There are 2 protein chains.
Amino acid sequence: MKKNVIIEKRKTFRHGDLRNALVTAGLEMARSGGPKAVILREATRQAGVSPNAAYRYFAGQAELLDAVRSACLSRVAASIEDEMKKCRPGRDPQVYARKSLRAVGIGYLGFAMREPGMFRTAFSVPPPVDSPNPANTASMGLNAFQLLSLALDRMLESGLLTKKSRSDAEYLAWSTVHGLALLVLEGPLYRMPHEAILALGERLVTMVERGLN
Amino acid sequence: MKKNVIIEKRKTFRHGDLRNALVTAGLEMARSGGPKAVILREATRQAGVSPNAAYRYFAGQAELLDAVRSACLSRVAASIEDEMKKCRPGRDPQVYARKSLRAVGIGYLGFAMREPGMFRTAFSVPPPVDSPNPANTASMGLNAFQLLSLALDRMLESGLLTKKSRSDAEYLAWSTVHGLALLVLEGPLYRMPHEAILALGERLVTMVERGLN
DNA sequence: TAGCGTATGTGGACGATGTTTACTTCGTAG
DNA sequence: CTACGAAGTAAACATCGTCCACATACGCTA
């Protein structure tokens, strides 16, 4: 395969920023291979360090993956944010609200298509059964979630949504876009051309708009 | 962990049904651990056979996983079918159509909750970049897809859907339910109680009904 | 400035996995 | 009955994650 030669044999005994270097290396592996490609030893190799050095910063491979995953999630949020910034509050609040919701969907889907590896990593999980961590309800994607919530709030404020239908609407909207992204990335829409996917995305967001009620 | 003792040291040199035994073992591993838990060596162990024997039937671990995945997909379809059988064509075709669509959604989501490991395995993929297999467009879940199509056709026939909005509606509906399932299995809805999830599922299907237009 | 404690890395080893190459066993076709 | 080929075995290798004991040098204190 690719024999990434170590950049340079660092001269200092201490690396200086190892934890960060490991996550960065992991990120790159995730980018081009998904969660399964995040190899601890390979990360240390790229950092020019012995395998065990990683254990000074992570309890194990799982924890490294977790850090990488976290980084991926923030990229997702960033993508949404970028899309969101494009729509400014015009005179019609309803138009603004609709645009916001669309931005969330498009930013999300767009990232999935642009960075499949990272996207899949972002939403991969450790054994979903063994983390009875009560505190991590908020550990995932609150940023992206908040952006979505924001868009939905705008819908509510502008009268496009009733108070009742606003509740938990995040989950419904999120489900929809996330589902399409996965269908595209690893489902039957695998070979569908990008424009077609985006068109489907548009319809999807419209469906949410109309269907949330 | 669990030290599944070999059932019995078979007396015949030939196993007789090895390929099947391997897939079955793999299925069980998938059930209780997802795709990552499908270990080739472990499968051969459970079949009471040497590791290499597997290579008579599969090119490698990936191919075994693929077979298991395929089995999981058919389970998904079966779950939908079960739900579908519950709704009979009454006098009102629109009611029937709606019930059908709901059945698909509920069957799908229900399976995800009942068999998380298999569900996750069903929708896991090899490196999504390296299978330029043109023939496998239909290799995945056509069964489940067909059931969904059927339900949507009923919607069309009964006048709940326009011809135009019928096109590609599978993908929109599928995205939605699949997305919720994943949010529940490995997303922020991880710890949400089952009733709440089902309630969300109902709302979701309603959203699709209304939003497809 | 000398020394020392400790955070940071190293080295070597272990068990598990996937996979390859060479060999053995045995059902069966001719 | 014999020989061929399908089915399974044995031993070995590379890689991965991880544990243990040990080495290094940074930076604080005396």
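Chain A is the first sequence line, chain B the second, and so forth, proteins listed ahead of strands; every chain is numbered from 1. None of these values were measured; they are calculated from a predicted model.
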Colleague: Measure CZ/B/Arg56 against P/C/dT20 and give the value in whole Å, please.
Modeller: 12 Å
Colleague: Find which nucleotide of DNA chain D each of B/Arg41 and B/Ala53 is nearest to by heavy atoms, and output the residue with the more 5' nucleotide.
Modeller: B/Ala53
Colleague: NZ of A/Lys36 versus P of D/dC16: gap in Å, rounded?
Modeller: 13 Å
Colleague: Would you mind reading off the distance between B/Leu40 atom CG and D/dG8 atom P, rounded to a whole angstrom?
Modeller: 14 Å
Colleague: With a 4.0 Å cutoff (strictly under), does any side-chain N or O of B/Arg19 reach OP1 or OP2 of D/dG8?
Modeller: no
Colleague: Taking the six-membered ring for Trp, are B/Tyr108 and B/Trp174 parallel (under 30°), tilted (30 to 60°) or perpendicular (over 60°)?
Modeller: perpendicular
Colleague: Rounded to whole Å, how long is the line connecting atom CG of A/Leu64 with atom P of D/dC16?
Modeller: 13 Å
Colleague: Is the distance from the ring center of A/Tyr171 to that of A/His178 below 6.0 Å?
Modeller: no
Colleague: Determine the contact category for A/Tyr57: base if any of its heavy atoms lies under 4.0 Å from a base atom, sugar-phosphate if only primed atoms, P, OP1 or OP2 are that close, otherwise nothing.
Modeller: sugar-phosphate
Colleague: Starting from P on C/dT19, measure out to CD on B/Glu63 and report it in whole angstrom.
Modeller: 10 Å
Colleague: B/Tyr55 side chain N/O closer than 4.0 Å to the phosphate oxygens (OP1, OP2) of C/dT20?
Modeller: no
Colleague: Nearest-Å distance, CD1 (A/Ile39) to C1' (C/dG18)?
Modeller: 13 Å
Colleague: Provide, to the nearest angstrom, the distance between the CZ atom belonging to B/Phe58 and the P atom belonging to D/dA7.
Modeller: 13 Å
Colleague: Keeping the roles fixed (side chain from B/Arg120, backbone from B/Arg31), state whether a donor-acceptor pair exists under 3.5 Å.
Modeller: no
Colleague: Under 3.5 Å, is there a donor-acceptor pair linking the side chains of B/Ser100 and B/Arg154?
Modeller: yes
Colleague: If you check the A/Gln61 side chain, which of C/dG9, D/dG8, D/dG17 turns out closest?
Modeller: D/dG17
Colleague: Round to a whole Å and report the spacing from CG of B/Leu65 to C1' of C/dG18.
Modeller: 13 Å
